[in-house]
Number of protein chains: 2
Amino acid sequence: MKMTIKEIAKLAGVSQATVSKIINNYEDVGAKTKKRVLEIMEEHGYRPSYSAQSLAKKVTKVIGVIYAGKINANFNHPFFVDVVSSFKKTMGAEGYDLLFFSNEKFHKADENYLARCQHYNVDGCIIIGGDQVEPSVYDLDKSDIPCIGVDIQLEGKTSGYIMTDNEKVSSLAVEHFYLMGQREIGFIGGKENSLISEQRLEGFEKIMKTYGLSVNQNWIKFGDFFEDSGYQVMSEMLKEHEIPKALFAASDLMAMGAIKAIKDSGNSVQDFSIIGCDDITASRHIDPPLTTVKQDKEKIGKMAAYILNDLINKNLQHTAVKIEPELIVRESCGAAKKV
Amino acid sequence: MKMTIKEIAKLAGVSQATVSKIINNYEDVGAKTKKRVLEIMEEHGYRPSYSAQSLAKKVTKVIGVIYAGKINANFNHPFFVDVVSSFKKTMGAEGYDLLFFSNEKFHKADENYLARCQHYNVDGCIIIGGDQVEPSVYDLDKSDIPCIGVDIQLEGKTSGYIMTDNEKVSSLAVEHFYLMGQREIGFIGGKENSLISEQRLEGFEKIMKTYGLSVNQNWIKFGDFFEDSGYQVMSEMLKEHEIPKALFAASDLMAMGAIKAIKDSGNSVQDFSIIGCDDITASRHIDPPLTTVKQDKEKIGKMAAYILNDLINKNLQHTAVKIEPELIVRESCGAAKKV
DNA sequence: ACTTTTTACGAAACCGTTTTCGTTAATTAT
DNA sequence: ATAATTAACGAAAACGGTTTCGTAAAAAGT
């Protein structure tokens, strides 16, 4: 049933070479021969074997997708889902399919990403950052396989990375608080050791200083970007003596958790100002609609694809790009409104 | 830099065959030789080429992932994201990686899924159903490649499918309405030609009859499972003479859209009873928290993986399994509450 | 000490393509 | 009519592995 190039060749009365040339659009094959062979291929539903092709050529037209770190273990964080969706669309248009590496440890304990990429001989890969990034990711970075990092700083010669301007993210949030009259501002970060969390914290402290606001260390807490952690952290804060009236959470999910904690504690969410980050679709629908600092997920995915493409085609050396965030004002800064 | 088996063999002073046997855990190789070769492999970071391996063996350890139809074009519908996430986890534990086919048309217009699967020689594939499923999907179904369908009815000898019991879904919703005193019940389906939408409508009409309720055809509308369509459809309904007081939407996203439409129209959402379907994470956080019929996404993904595995290992013939839905009561049936 | 069995290994064919380079036949130039 | 060019095709060596089968040496049996 499964035809090989050899059989097609025999059927058509030509050599393998000729069939192969037809497949690959070589010039030196006659029009009638080409037509005849194509018909035979069509008739038998022949498709060249990918394995054989990528063994012979050195190109696979496959991009490896790596979710590094714990956050992404399930690759279902809304932010990254949208980024990868956009990435996939753009790469798809270039003829690439995406290979998602399962991060379950199986087989050998020493299995690492570089090995997997070499094994599959992917043309390039995208690495989605997170907290607790496995060190083996950096072996990949150092290799000659083109890599594009999202929210992770890659430094290899054939790598690049892209992320939102995270200091700006915090600036936008704090600025808004300030203009709304808030002065007692807290911060909920993601995992303490994650890059973007650090950058946002740094930006936070910097902008607070700029506005002459003092940062209360008791109001700086860390979650893990997911909702439960926001709930967790906020619940604790609510038990303290001093409670911040305004809160910037490093993800919408955590902001949502915090809001829930406020409600559950019997407080009125109206008395608080909350700003989230990401602008996931849900944030528009929650109660109250969440004011948030939007990351342009669509653009990040698309740019990641463009850069990776250039990296693969050697049109580009190591590049880092930052994407502008944008403040989306909704209704979760109610306390300020009342002022 | 990139080592081949031949070079390893030379370095170790053995034949290729021996090295290959070591890689594949053959019995007939001496202990010291094995040790020596393994060390050399380790030292040079050697990894067998995937292409060469899967050309020689006939197995790829890769599963194709196909998002059929329009709904999933961006593979970012929260329901399917969670299903696939769970699927990935389970398959990953079995040593499979996932290949996501880009659904952008590129290259040849006649490119179809079967061709892609044959091309990559995947061990099996998962097909995520939707509306407007491309006919080429059924060629794949008919082939001898093991397929598991989610929300799509596959009939091939080496296929199976899994979905929530959709008639039960509607029953749960209508039952709840009934118990809450609602009698004027409307239905918002997904795309009219999608399987699950049809099944839910069928279940809806059946259960309405059971309860002796008449279904008003003006209250049966169709969207596309996404939020905007829910908004759209609800807005129109609100302009009509008769307006249903209770509404079952075939997806949480559409329910959210409908709620927004109600609010925007100046009506009080308290005057309506809304039930959604899926139980995506956002539904817990919206205003009001959405009562919904939950699909067990985790279980569906896991079962899909199990079935596919059995299909691949020929431990199973064609199978269809239905998963029980569950009603999650929250606060979006407020009108009933007031009764 | 001699046969039989077992152990450890290698030669070589094969998996299904691509690609280089050479060759012949047809075409064009002179 | 002859030489030079071009067009169309094929032989065969790669690509990097796996696997069958044969064989020499070592171990075991007698």
Side-chain angles (χ1 to χ4, degrees), chain A residues 1-38 40-41 44-62 95 107 115-123, chain B residues 1-38 40-41 44-62 107-108 115-123:
Chain A
M1 193 76 259
K2 187 124 38 105
M3 293 265 108
T4 75
I5 198 174
K6 208 169 296 182
E7 315 184 71
I8 296 292
K10 187 170 300 174
L11 255 46
V14 297
S15 73
Q16 287 188 44
T18 302
V19 178
S20 176
K21 286 175 180 176
I22 291 172
I23 296 173
N24 294 285
N25 288 310
Y26 276 62
E27 305 274 81
D28 63 341
V29 38
K32 353 60 181 208
T33 326
K34 183 166 183 173
K35 180 154 172 292
R36 179 162 38 92
V37 173
L38 279 175
I40 296 189
M41 283 172 40
H44 291 78
Y46 164 77
R47 304 289 162 171
S49 147
Y50 169 77
S51 314
Q53 277 188 324
S54 55
L55 178 60
K57 306 177 172 184
K58 296 302 223 159
V59 159
T60 56
K61 278 292 172 185
V62 165
H107 207 204
R116 312 274 288 278
C117 284
Q118 290 180 167
H119 178 68
Y120 284 111
N121 192 29
V122 299
D123 289 349
Chain B
M1 195 72 259
K2 188 127 33 108
M3 292 266 109
T4 76
I5 198 174
K6 208 168 297 184
E7 315 183 73
I8 296 292
K10 187 170 302 176
L11 255 45
V14 297
S15 73
Q16 286 187 45
T18 301
V19 178
S20 176
K21 286 176 180 175
I22 290 172
I23 295 173
N24 294 285
N25 288 308
Y26 277 63
E27 305 276 81
D28 63 339
V29 40
K32 351 72 185 194
T33 325
K34 183 166 184 174
K35 180 153 172 291
R36 178 160 39 94
V37 173
L38 280 175
I40 296 190
M41 283 171 41
H44 292 77
Y46 165 77
R47 303 289 160 170
S49 148
Y50 169 75
S51 313
Q53 276 187 324
S54 55
L55 179 59
K57 307 178 176 182
K58 296 302 219 155
V59 159
T60 57
K61 278 293 172 183
V62 165
H107 208 203
K108 319 186 174 167
R116 312 273 288 279
C117 284
Q118 290 180 168
H119 177 68
Y120 283 112
N121 192 28
V122 298
D123 289 349

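Below, chains carry the letters A, B, ... as their sequence lines are ordered, and counting in each starts from 1. In this text, all values refer to a predicted model and were calculated from it rather than measured experimentally.
In this structure, A:Ser15 OG and A:Ile5 CD1 are separated by 8.5 Å, a value rounded to the nearest 0.5 Å. Going from atom OH of B:Tyr120 over to atom OG of A:Ser49 covers 11.5 Å, rounded to the nearest 0.5 Å. Within the model, atoms CE of A:Met3 and OH of A:Tyr46 stand 10.5 Å from one another, a figure rounded to the nearest 0.5 Å.
Rounded to 10 degrees, the angle separating the terminal axes of the helix from C:dA1-D:dT30 to C:dT30-D:dA1 is 30°, with each axis obtained from five end pairs.
In this structure, the salt bridge (charged side-chain N to carboxylate O under 4.0 Å, His left out) partners of A:Lys35, at least two apart in sequence or on a different chain, are A:Glu39. Contacts of A:Thr60 classified as side-chain contact (heavy atoms from CB on, under 4.5 Å), with partners at least two apart in sequence or in another chain: A:Tyr50, A:Ser54, A:Val62, A:Asn121, A:Asp123. With sequence neighbours left out, the side-chain contact (heavy atoms from CB on, under 4.5 Å) criterion links A:Lys6 to A:Thr4, A:Gln16. A:Ile22 pairs by the side-chain contact (heavy atoms from CB on, under 4.5 Å) definition with A:Thr18, A:Val29, A:Lys34, A:Val37, A:Leu38, not counting sequence neighbours.
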Base contacts versus sugar-phosphate-only contacts with protein, heavy atoms under 4.0 Å: please encode nucleotides 7-19 of chain C as B, S and - from 5' to 3'. -SBBB---BBBBB

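The footprint of chain A on DNA chain D, defined by a heavy-atom cutoff below 4.0 Å, extends from D:dA8 to D:dG16.
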Are any protein N/O atoms closer than 3.5 Å to N/O atoms in nucleotides 23-25 of chain C? If there are, list each pair with its distance.
none

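Checked by atom type and distance alone, the side chain of A:His44 pairs as donor or acceptor with a backbone atom of A:Ile40 at under 3.5 Å. Side chain of B:Arg47 to main chain of A:Arg116: no donor-acceptor pair is present (N/O by atom type, distance under 3.5 Å, no hydrogens or angles).
Sequence neighbours left out, the pairs with a member in residues 8-29 of chain A that pass salt bridge (charged side-chain N to carboxylate O under 4.0 Å, His left out) are A:Lys21-A:Asp28.
Contact record, A:His119 with B:Pro48: ND1-O, 2.9 Å, taken as the closest heavy-atom pair.
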